[in-house]
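Shown next, in structure tokens, is the structure this report addresses.
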Amino acid sequence: MDSILAKIIQRDPEQKEFHQAVQEVMETVRPVLERNPEFRKQAILERIVEPERVIMFRVPWMDDQGQVHVNRGFRVEMNSAIGPYKGGLRFHPSVTLSIIKFLASEQVFKNSLTTLQMGGGKGGADFDPKGRSDAEVMRFCQAFMAELQRHIGPDTDVPAGDIGVGAREIGYLFGMYKKLRNEFTGVLTGKSLAWGGSLIRPEATGYGVVYFAAEMLGTRGETLEGKTCLVSGSGNVAQFTAEKLLELGGKVLTLSDSSGYIFDEEGIDAEKLEHVKDIKNIRRGRIREYCEKYPQAIYVETDPGLDYNPIWTHSADCAMPSATQNEINEKDAQTMINNGVQLVCEGANMPSSPSAVDIFVENHILYGPSKAANAGGVAVSGLEMAQNSMRLKWPREEVDSRLKQIMHCIHTTCVDASAEYGLQGNYAAGANIAGFVNVVNAMLDQGLV
Ligand code: NDP
Ligand code: 2IT
């Protein structure tokens, strides 16, 4: 195993995030490989860490002033053992092949945990939508899809949203796909309701995170009622995490964006959350604007010189990191433990560094790893695909109850898989083992392809 990892690092030394994701899975599936010598003979690890296909492409587009820009587009089709490649698109200036490979790799195991028929993939571009007009975003999406369309399809690869890609972008991407391919199919998920989207898909990731948190608390005979919660981010995942927390009696103290965070000691209630949605989704503004309407809240500007993330210095019962990868480091994790945080449930993908995860696990807090805790989003994407195939639409209650059931099953799966290997209470190990075993069995069934 160590030599496989060494080879990955030697081959692509700059792909730090991908190495981190691979290493995290490898360390926890070690006992599975020891129990199954067949996996080694079939070079399962070597195969699973190599994407089935990597697509990188030029995205040329014109801004409102007539200036031409060139961005780099990606789609990593990681694994199709269980179903068509499935996973979001991220538009953010920090996007690199390493980031997309880490996300695609996580997506493979996450999708496997949902029990739906979805393989894993991820894509995106180093395009920064911030400050761009709707027309510029549209032209970028059209240029991006002009190339991507030849690689995807409803039975091949089904992208969706992620950071910087929401309902607006999915609309422009879908429009261009439909025009170029002359077909109206479920090639993307996260579509608007009127033209093939699923009820609850916008809410699904955040709601799912909270359902998973409630399941974890349930094992200790507790609920979210009265629990104080630190939520980071203020985009899709953070907003609906906060919404469901409020519904279940939690008190949300913080939200953030890449410029800084707000702390509202009185709690961010439903009315204040509506204001946040208006700031972020309609006006596309900054979280600091919250304090203009609610001056009792404090705003703390991001300081890139700090070796810790100040949002995690506030005392609370629970934390739901919902912004981006590696937003909790070792120091943050230790601060959280010292402050009495008893549950960390990850909305973002890989928000905790490896040493932060070690601290959570060693201290026996309830730690819900992203590939289990935030799987509700892609699960409802799977339900959107099912509805599109049937050309039917399920009511809100039906989708929500399926989501709740899926999150319950993922929780049980993690508990059972960790117990099977004598790692009771370690959800990270449970999620990796269960996700990995499903994919490996499917790969073995299908032969050397
Ligand atoms: P959005 O684009 O809707 O929101 C992202 C939020 O995180 C914004 O508040 C953004 O701030 C902040 N953010 C982004 N990058 C950084 C950064 N480098 N440093 C600090 N803050 C940052 O994205 P989502 O809510 O969809 O995604 C959030 C996380 O959840 C990601 O890790 C994503 O992979 C994960 N996820 C998303 C799913 C989905 O269905 N959308 C499903 C499962 C996981 P700003 O406004 O300044 O950009
Ligand atoms: O990280 C994720 O699971 C997502 N961004 C959602 C993927 C999807 O296909 O809905």
Side-chain angles (χ1 to χ4, degrees), residues 17 83-95 99-100 102-111 113-114 116 118-124 128-131 157-170 186-191 197-198 200-209 231-242 255-262 276-277 279-281 283-289 302 304 309 311 320-328 346-352 370-385:
E17 294 84 2
Y85 308 108
K86 180 81 196 89
L89 297 171
R90 178 177 289 191
F91 291 170
H92 194 270
S94 64
V95 163
I99 299 260
I100 300 297
F102 118 63
L103 290 164
S105 172
E106 290 286 286
Q107 199 81 48
V108 171
F109 305 113
K110 181 195 308 191
N111 293 3
L113 287 171
T114 67
L116 301 174
M118 298 182 291
K122 200 86 184 192
D128 189 356
K130 250 187 228 104
D157 184 351
V158 183
D162 194 81
I163 292 178
V165 178
R168 172 181 63 169
E169 291 73 21
I170 293 292
V187 66
L188 295 166
T189 61
K191 301 183 290 298
S198 175
I200 300 287
R201 177 62 189 90
E203 296 90 339
T205 310
Y207 281 16
V209 167
V231 178
S232 65
S234 52
N236 172 270
V237 179
Q239 290 172 18
F240 290 104
T241 295
L255 285 171
S256 71
D257 62 21
S258 51
S259 311
Y261 77 92
I262 52 139
V276 170
K277 287 184 185 173
I279 295 172
K280 297 307 282 189
N281 309 353
R283 290 195 266 144
R284 298 187 187 276
R286 310 307 300 156
I287 198 67
R288 76 168 77 86
E289 293 164 37
T302 301
N309 187 344
I311 194 172
M320 283 81 179
S322 309
T324 193
Q325 63 276 356
N326 292 325
E327 54 174 314
I328 301 178
E346 297 182 336
N349 283 306
M350 204 170 79
S352 310
S370 53
K371 63 172 75 67
N374 74 27
V378 75
V380 174
S381 278
L383 301 180
E384 183 172 330
M385 290 164 72

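Indexing begins at 1, ligand by ligand and atom by atom, following the structure's order.
- Ligand 1 has at least one atom lying under 4.0 Å from a heavy atom of R201.
- Close contacts of ligand 1 with R90, meaning ligand atoms under 4.0 Å from a residue heavy atom, involve 31 (C), 32 (O), 33 (C), 34 (O).
- Just one of K122, Q107, H92 meets the side chain to side chain donor-acceptor pair (under 3.5 Å) condition when paired with D162; it is K122.
- If you look at S322 next to ligand 1, the close heavy atoms, those under 4.0 Å, all belong to the backbone.
- Protein heavy atom nearest atom 7 (C) of ligand 2, with residue, atom name and distance: G88 N, 3.5 Å.
- Here CZ of F91 is found 7.0 Å from CD of E169. Values are rounded to the nearest 0.5 Å.
- The atoms of ligand 2 that sit less than 4.0 Å from any heavy atom of K110 are 1 (O), 2 (C), 3 (O).
- Ligand 1 has at least one atom lying under 4.0 Å from a heavy atom of G164.
- Side chain of K280 to main chain of G285: a donor-acceptor pair is present (N/O by atom type, distance under 3.5 Å, no hydrogens or angles).
- Within ligand 1, the atoms closer than 4.0 Å to a non-hydrogen atom of S256 are 9 (O), numbered from 1 in the order shown.
- The A160 neighbourhood of ligand 2 comprises atoms 8 (C), 9 (O), 10 (O), with distances under 4.0 Å to a heavy atom of that residue.
- Each of the following atoms of ligand 1 lies closer than 4.0 Å to a heavy atom of A348: 29 (C), 30 (O), 32 (O), 35 (C).
- For the atom pair CD1 of I287 and CD1 of I262, the computed distance is 4.5 Å after rounding to the nearest 0.5 Å.
- When only non-hydrogen protein atoms are considered, atom 45 (P) of ligand 1 lies nearest to S258 OG, 3.5 Å.
- Heavy-atom contacts of K122 reach the following atoms of ligand 2: 1 (O), 2 (C), 4 (C), 5 (N) (cutoff under 4.0 Å).
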Using the side-chain contact (heavy atoms from CB on, under 4.5 Å) rule, take V165 and I170 through it: C-alpha gap first, then chi angles, then the decisive distance, then the call. CA-CA 7 Å; V165 178; I170 293 292; 3.9 Å; yes
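- Side chain of N309 to main chain of E327: a donor-acceptor pair is present (N/O by atom type, distance under 3.5 Å, no hydrogens or angles).
- Ligand 1 lies less than 4.0 angstrom from a heavy atom belonging to R286.
- Protein heavy atom in closest approach to atom 14 (C) of ligand 1: I163 CD1, 4.0 Å.
- Counting only heavy atoms of the protein, atom 12 (C) of ligand 1 lies nearest to A323 CB, 4.0 Å.
- The heavy atom nearest to atom 9 (O) of ligand 1, considering only G190, G347, S234, A160, is found in S234.
- Protein heavy atom closest to atom 24 (P) of ligand 1, with residue, atom name and distance, is V237 CG2, 3.9 Å.
- Here the straight-line distance linking atom CD of E106 with atom NZ of K371 works out to 4.0 Å at 0.5 Å rounding.
- With hydrogens left out, the protein atom closest to atom 48 (O) of ligand 1 is K130 NZ, 3.1 Å, a heavy atom.
- In terms of heavy atoms, T205 sits closest to N374 at CG2-O, 3.7 Å.
- The closest donor-acceptor contact from the side chain of K110 to the backbone of A375 lies at 3.5 Å or more, if one exists at all.
- Of the possible donor and acceptor atoms, none in the side chain of S322 sits under 3.5 Å from a partner among the backbone N and O of A348.
- Taking any N or O of N236, backbone or side chain, at least one lies under 3.5 Å from an N or O belonging to ligand 1.
- Only the side chain of N349 comes within contact range of ligand 2, with a heavy atom under 4.0 Å; no backbone atom does.
- Counting only distance, with no hydrogens or angles, the side chain of S256 and the backbone of G233 share a donor-acceptor pair below 3.5 Å.
- Among protein heavy atoms, the minimum distance from atom 6 (C) of ligand 2 is reached at R201 NH2, 3.6 Å.
- Residue contacts with ligand 2: N374 is placed with no nitrogen or oxygen under 3.5 Å of a nitrogen or oxygen of the ligand (distance criterion only).
- Distances between N or O atoms of G161 and those of ligand 2 include at least one value under 3.5 Å.
- Taking any N or O of T205, backbone or side chain, at least one lies under 3.5 Å from an N or O belonging to ligand 1.
- No donor-acceptor pair under 3.5 Å is formed between the side chain of S352 and the backbone N or O of I328.
- For the atom pair R284 CZ and R168 CZ, the distance stands at 3.5 Å (nearest 0.5 Å).
- For atom 33 (C) of ligand 1, the nearest protein heavy atom (residue, atom name, distance) is D162 OD1, 3.2 Å.
- Under the 3.5 Å distance criterion, the side-chain polar atoms of E17 are left unmatched by any main-chain donor or acceptor of N326.
- Within the listing of ligand 2, atoms 8 (C), 9 (O), 10 (O) sit less than 4.0 angstrom from a heavy atom of S381.
- Which parts of ligand 1 touch D257 is read off a 4.0 Å heavy-atom cut-off, strictly below it: atoms 9 (O), 11 (O), 21 (N), 45 (P), 46 (O), 47 (O).
- With rounding to the nearest 0.5 angstrom, the CE atom of M118 is 10.5 Å from the CG atom of L113.
- Close approach to K280 involves these atoms of ligand 1, each under 4.0 Å from a residue heavy atom: 46 (O).
- Ligand 2 places these atoms under 4.0 Å from at least one heavy atom of K86: 8 (C), 9 (O).
- The protein heavy atom nearest to atom 19 (N) of ligand 1 is T324 CG2, 3.7 Å.
- Counting only heavy atoms of the protein, atom 4 (O) of ligand 1 lies nearest to G235 CA, 3.3 Å.
- Taking OH from Y261 and CZ from R288, the interatomic distance works out to 15.0 Å, rounded to the nearest 0.5 Å.
- In terms of modelled atom types and a separation under 3.5 Å, the side chain of D257 and the main chain of G260 share a donor-acceptor contact.
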